[in-house]
Each structure stands twice: as structure tokens, then as C-alpha cells.
Amino acid sequence: MRKPIIGGNWKMNRGTPNETIEMLESLVPQVEGIDTVDIVIATPFTALTKAYEIIKDTNIKLGAQNMYFEDKGAFTGEISPQFLKEIGVEYVILGHSERRDIFKESDTLINKKLKKALSISLKPIVCIGEHLEEREAGKTMHKIEYQINETFKDLSKEEMRKIIIAYEPIWAIGTGKTATPEQAEEIHIFIRNLLSQKFDKETADSIRIQYGGSIKPINAEDLFNKKNIDGGLVGGASLQSDSLFQIILAADKSIK
Ligand code: 13P
């Protein structure tokens with residue numbers, strides 16, 4: 001039995017101190033007592049400390065949207081994973097398609113970051129997914145397999161079991177065009193089968209695979225009802241507490 005996990009990825013859309021206080025002070029009482037779903041909020045770096053003050057004694061966990069793979073040094077503009085840990089960050093999103101496409105992060109770099117996160121017990125949420133042209137050319141599975149092979153290179157089963165995968169078809173991110181539950185489930189099954197071949201069935205069955213891409217309160221339940229979809233990584237709908245709360249409730253309902 002895999003516990004669903006809902007991640008709110010605020011991207012660079014919200015994160016002033018006032019916005020952070022407003023959103024989280026409203027979310028905390030809404031989700032109080034929900035222990036069937038893991039809840040993670042990934043704010044911009046500048047809002048992490050403020051967010052932690054509000055959620056530290058609650059069931060909401062703190063996530064970062066990125067990190068570097070070194071602890072310290074001359075890396076202007078980068079963020080040390082150790083700094084994140086010290087301010088209460090538990091999860092880190094790695095390899096988001098926006099990092100890959102806009103900031104040219106390679107699978108090799110993401111693999112290094114992933115190993116670093118695992119080595120200091122930050123819980124990685126690793127994003128994979130295909131572009132629209134790849135889907136239309138029938139190359140979705142090929143892309144996913146490539147990303148899995150490269151991003152998860154040289155990991156042990158024990159390490160792999162600590163990772164959360166987010167399948168985010170890039171054509172569905174921020175477009176309002178959600179993958180249908182059937183389209184998403186097909187890829188989630190494909191991912192799980194690949195993990196089973198690469199590691200073993202027990203490992204594959206234990207790994208949580210989130211869906212991400214235009215999740216809204218209206219479509220969340222149908223997605224989460226699919227057997228291999230273990231919650232979601234939510235962008236736009238995570239900016240308001242009411243919509244994120246509805247999505248968390250959908251995840252809670254999917255296991256009952
Ligand atoms: P949207 O929910 O805004 O489509 O964003 C999804 C996403 O990229 C989450 O990481």
C-alpha cells in the first residue's frame with residue numbers, strides 16, 4: 001500500500017512573506033488531522049524560512065524546488081543542500097521540466113543532485129516527462145525509458161525506494177490540458193514495469209509515482225483513483241489553499 005503524496009510546487013508564482021503567510025495560515029487548519037496523505041509545499045527559496053515557521057509543528061512538510069550537488073564553494077547563485085536541511089527542508093524537487101528546458105539541466109547533472117540529496121537524507125521528487133512533439137511522434141515511452149536510465153543511473157534498490165517520481169507530461173504543464181486518467185495510468189504502469197526490470201518488483205511496487213500537469217479539484221479524483229497514480233505534483237492549483245485542499249481531499253478519498 002503506497003501512501004499518496006501531494007506536492008504543491010509554487011514555482012516563481014508566489015512567495016513574498018505576506019503571500020506565504022496568507023496561503024499557509026489558511027491551509028494548516030484545513031488539512032489538520034489528515035494523516036492518509038503526505039503533504040509537501042515547495043515554495044521559492046526566499047520563502048522557505050517563513051513557510052517553516054508556520055508549518056513546523058503540522059502535517060505539512062517543506063520542499064525546495066531545486067538544489068546544487070555540492071555542500072559549499074564558489075558556485076554563485078546556487079543553493080547548498082546542507083543549507084536547505086538546516087532550515088527544515090525535507091523534500092527537494094529535482095529535474096523539473098522547467099529546469100531541464102529553460103536552464104538546460106542534463107540527466108547527468110540531475111543524477112548527481114539526486115545522489116547528493118539521498119546522501120544527506122533529503123527526499124527527492126524526481127520529474128520526468130515528454131514534450132508534445134515526442135508524444136505525437138510516438139516517442140513517449142522511449143523518452144521516459146531514457147530519462148529513467150540516465151537519471152537513476154548507479155542507484156541501489158535501497159536508494160531507489162527513497163525516491164518519489166513525478167510523471168509530468170510537459171504538454172500538460174500549465175496548459176489546462178490534463179492527461180486523461182487512462183493516458184497517465186498507461187505511463188505510470190510503463191514506469192513501474194521499467195523499475196521492476198531495472199531493480200525488482202518489490203522495489204517497483206514500493207515507489208510512489210505522482211502525476212503532474214494541470215491537476216485541478218475537478219480532475220484530481222479521477223486521476224488518483226487509478227491504481228498506479230500515487231498523488232500529484234500541483235502547480236497552479238497549489239497557489240490557493242482552497243483548491244489545494246480539495247486536491248488533498250481527493251487523494252484521501254482515493255484510498256478509502
Ligand atoms: P500545473 O499544475 O500548473 O500544470 O504545473 C504542474 C507542475 O509543473 C508541477 O510541478
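In each ligand, atom 1 is the first atom listed, and ligand 1 is the first ligand listed. Sequence positions, counted from 1, serve as the residue numbers for this chain.
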Proximal ligand 1 atoms for N9, defined as those under 4.0 Å from one of its heavy atoms: 9 (C), 10 (O)
Proximal candidate to atom 2 (O) of ligand 1 [heavy atom criterion; set G235, S238, G8]: G235
Which atoms of ligand 1 have any heavy atom of S214 under 4.0 Å away? 1 (P), 2 (O), 4 (O)
Can you see whether N193 engages S196 through a side-chain donor-acceptor pair at a distance of less than 3.5 angstrom? no
Close approach of G212 to ligand 1, heavy atoms, under 4.0 angstrom: no
Is there a path of hydrophobic side-chain contacts, each under 4.5 Å between heavy atoms, that joins I93 and F152? no
Indicate, as side chain, backbone, both or neither, the part of A172 found under 4.0 angstrom from ligand 1 when only non-hydrogen atoms are considered. backbone
Could you measure the distance from the NZ atom of K72 to the CD atom of E78? Nearest 0.5 Å is fine. 15.5 Å
Atom 3 (O) of ligand 1: which protein heavy atom is closest, and how many Å away? G236 N, 2.8 Å
Option nearest atom 5 (O) of ligand 1 (shortest heavy-atom distance, choices Q65, E168, K177, K11): K11
Sidechain-backbone polar pair: E130 side chain, M141 backbone, donor-acceptor under 3.5 Å: no
Mark yes when over 12 heavy atoms from residues, nucleotides or ligands other than K50 sit less than 6.0 Å from its NZ; otherwise mark no. no
Side-chain ion pair, D38 and R208, N-O less than 4.0 Å: yes
So, 4.0 Å and heavy atoms of A237: is ligand 1 close enough to count as a contact? no
